[in-house]
Number of protein chains: 2
Amino acid sequence: MKKNAETANVHSFSEGEYTTAVLKAIENSVAKSRASLARHLGLSRTTTSTIVSGLINLNLLEEKSLLREGRGRPGILLDLDSSIWRAVGAEYHSGSWAFVETDLRGSILRTGSLKVAGRGPDAFLDCLAQGLAEFRRNVSGELLPAFGIGVPGLVDCDRGLIIRADDLGWRNVLVSEYVEKKLKSKALVINRNRGAGLAEARFGGGRGTHQIVYIGIGTGISAAFIVDGELIHGSSFSAGEIGHITMDKAGPLCACGKRGCLHVYSSGTAMARMAAALLSEGKESGLKNKKNQREPIDGEDVCLAARAGDRLALECLGEAARQLGLAIANIITIYNPDKVIIGGPIGSIDSPLIGYVRKEAERWAMPHAFDAVKIERAALGESVGALGGACLVLDRKLSLASVVRSK
Amino acid sequence: MKKNAETANVHSFSEGEYTTAVLKAIENSVAKSRASLARHLGLSRTTTSTIVSGLINLNLLEEKSLLREGRGRPGILLDLDSSIWRAVGAEYHSGSWAFVETDLRGSILRTGSLKVAGRGPDAFLDCLAQGLAEFRRNVSGELLPAFGIGVPGLVDCDRGLIIRADDLGWRNVLVSEYVEKKLKSKALVINRNRGAGLAEARFGGGRGTHQIVYIGIGTGISAAFIVDGELIHGSSFSAGEIGHITMDKAGPLCACGKRGCLHVYSSGTAMARMAAALLSEGKESGLKNKKNQREPIDGEDVCLAARAGDRLALECLGEAARQLGLAIANIITIYNPDKVIIGGPIGSIDSPLIGYVRKEAERWAMPHAFDAVKIERAALGESVGALGGACLVLDRKLSLASVVRSK
DNA sequence: GATATTTGTAAAGAAACTTGACAAAATGCA
DNA sequence: TGCATTTTGTCAAGTTTCTTTACAAATATC
């Protein structure tokens, strides 16, 4: 497809509609060879061949084995070329920056981290730029010239800034601007939880599904809604903020000033508070030891104890699941997703939580919608937030790779 | 754009990507003249001119006045041509079929209705086919060869059937198949409430917004989620069924078998039940007269009485709004829409309901999301459901018109 | 009234896609 | 085994779509 000179990118290789479609079809495994691509996209085999050649030249695709299926000459299996291009993503989490380097298929090749020295957005940004500069030095291939960055708080993805992060007390942190100035490379910013959801949708359990809901549980709770691989941002970038839906108008006071938010029942913070309260009532639990060590109990401790069978911890999880299950039930009824993925530092733990949630959701969701949904634990590991950042870069691999090669 | 012969539509006129884009740009008023279209779509003025000529030839666009803005030669204002093509939509509602004829801009030119004689899906379908056959005879222009049909219940839009309509006790009603056989014309089927939401999004208060939520309140409650003009169907076509989200696990029993559904608090049925209960307690109200007439009070009666200032009716509305407002607050927090449109037979009445809901929603929604949303009453009138059907036809005006003209 | 600016169209050329043909590589059947 | 059948991938030639360049028409500004 040709473009007007006023807005055109002048490259040796076309970035047309069909080129994107070919890449997507291969990514989603809906087509495997040139001929099946042609059938799937309604293009001639010839054109498909030309497009594929271009993508192979750009090292975005590679030919693999032969496809022996049915009779006739076997096709050549095509897949993303994982040998050349690299994406770098970052995520800020509990005082540190985590970095990942991935190939085009989203496989993590290398990780890194850097603890932020100091407080406030300046130290936060400074450490990010330093960490990225260091991390990109050791990239094992050709770097796609952009960084994807997962950060806490409400993010304006268009302008690349944190509108506000209430936990940290920050407002209007210009992340993209800072990184782009320091590193002379494009920076794409996303809420870290939404990024994790995107990563799960693309590379985790969400592969091949149309509508997924990712629910990230850590100290807080938030969600990501993904329709056909695209994140729903909302009109002011707050779609998915389920932590502050009201479960009970007369419930306990939440930090946000309202009462009975999901946050006060089912977040890691809530689990920890509940456990501490029960312990101070004198109930028996393996968590006592931890308490004696003067380090406060957190949500992860509770989940791990529950996994080990601790009765007090199980009680806390059950209580959290009662409200979380109801919230998920209502989301399933409202939104009718294919899949609900439970992740985040707490949600990823192989604890009884997901079983409780599933049972509760089944009880309250509309049966038709519940029958269509699978509720699963997140498939990806710890670096999923930074991987979410890398997703943003990988989404643009075609244009990024073209820019590099046209130089 | 050329298509492979295997899947191609052989027409005199191209239905390419850009042609669709030109139509959409004009519909959404993002561009007005050939030159502004060219800039907006990144095309040359020449190509844009060619595409526009084709659309004018097909009577989809027309030239209107000159655009005198700034200096230079004035452009020619383009708009949808409302003089030739007609779309027909239908909706089933309380025992009758309603029909509308619209022009390309969604203006209603003519309405009609037909009462269904008999019960059950056979009479329902028979009457639909009869009514459409009669209604299309008097179309005032050229008919786009498809019918858009809004029906109650859970609808499989791909296959054009009612999966189930619990209120009526029906299952697997093959609407498209029947209509297409009887009328030799394509039939597009949608849930009537979702259709109404689509109509409001396209032609009502939702014009120009990105994410809208339409909430239809009649005897039941359901919603439609529309992102960038496209309806979210969900994985099994039940996205938007908010009538059966659980507001209170210990609430009153709902017809669906669960407790405390939104339906039992805020539907028209619920309002009527509440009013009847208060009356039987001996409370004073203008609704008494109605009751004496041995015709049961319904939700509309309550809303109309409330509008007139009746205290008992106002109490019922306030009670309904308390739960509805909370539900909407949570939807706003979760989904962060630009606009929430309250419609349906009950929601469309200019009663105090919307004021109550707004107040309640403000109280419980996350402030950031609430600040970004407008809560409004539906702008379109009674025939909105059938207009929703017509929307489905108008969405395909390009290909439908091409098919007709290529004959 | 002259100049600058913008619009819409025409003719020629470039780019993208298709058609038809053919060699290559497999299967299926005699 | 051999031969017909099927399917893939590519080449050359042709068609369609879009762009570039050029120009007349219609307005605002000075």
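We name chains A, B, ... by the order of the sequence lines, and we start the count at 1 in each one.
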Would you say the side-chain atoms of [X] pair up with the backbone N or O of [Y], donor to acceptor, closer than 3.5 Å?
| X | Y | result |
| --- | --- | --- |
| A:S29 | A:A25 | no |
| B:Q211 | A:G234 | yes |
| B:E376 | B:G205 | no |
| A:E180 | A:S185 | no |

For residues A:L198 and A:I226, report the shortest heavy-atom separation together with the two atoms involved. N-CD1, 3.8 Å
What's the shortest heavy-atom distance between B:A31 and B:H40, and which atoms? CB-CB, 4.4 Å
Quick one: stems involving DNA chain C, counted as three or more successive Watson-Crick or G-U pairs, both distances short of 3.5 Å. C:1-30 with D:1-30
Between the side-chain atoms of B:T50 and the base atoms of D:dC18, is any donor-acceptor pair under 3.5 Å? no
Counting only distance, no hydrogens or angles, is the base of C:dG8 paired donor-acceptor with the side chain of B:R45 under 3.5 Å? yes
Any side-chain heavy-atom pair of B:L144 and B:R86 under 4.5 Å: no
Kindly indicate whether the side chain of A:E63, heavy atoms from C-beta on, has any atom under 4.5 Å from the side chain of A:I56. yes
Of all of residues 72-84 of chain A, which get a heavy atom below 4.0 angstrom from DNA chain C, listed by number? A:G72, A:R73, A:P74
Residue-level proximity of residues 61-69 of chain A to DNA chain C when a heavy atom falls under 4.0 Å: A:L66, A:R68
Under a 4.0 Å heavy-atom cutoff, the residues of residues 20-31 of chain B touching DNA chain D are none
Interatomic distance where [atom1] belongs to [X] and [atom2] belongs to [N] [whole Å]:
| X | N | atom1 | atom2 | value |
| --- | --- | --- | --- | --- |
| A:L43 | D:dT8 | CG | P | 15 Å |
| A:L37 | D:dT7 | CG | P | 18 Å |
| A:I56 | D:dT10 | CD1 | C1' | 13 Å |
| A:I51 | C:dA15 | CD1 | C1' | 13 Å |
| B:R39 | C:dG8 | CZ | P | 9 Å |
| A:R71 | C:dA24 | CZ | C1' | 17 Å |

Among D:dT21, C:dG8, D:dG9, which is the nearest nucleotide to the side chain of B:T46? D:dT21
Between A:D79 and A:K32, does at least one N-O distance fall below 4.0 Å, as a salt bridge requires? no
Only one of A:L80, A:L104, A:D103 forms a side chain to side chain contact (heavy atoms under 4.5 Å, CB included) with A:L394, so which one is it? A:L104
Side chains of B:R405 and B:N57: do they bring a donor and an acceptor to under 3.5 Å? no
Side chains of B:S402 and B:S399: donor-acceptor distance under 3.5 Å anywhere? no
Does a side-chain N or O of A:S44 approach OP1 or OP2 of C:dT18 to a distance below 4.0 Å, or not? yes
Would you say B:T47 reaches D:dT17's phosphate, i.e. side-chain N/O to OP1/OP2 under 4.0 Å? no
Which residues satisfy the salt bridge (Lys or Arg N to Asp or Glu O under 4.0 Å) test with A:R73, sequence neighbours excluded? none
Can you list the residues that meet the salt bridge (Lys or Arg N to Asp or Glu O under 4.0 Å) rule with B:D395, with sequence neighbours excluded? B:R202
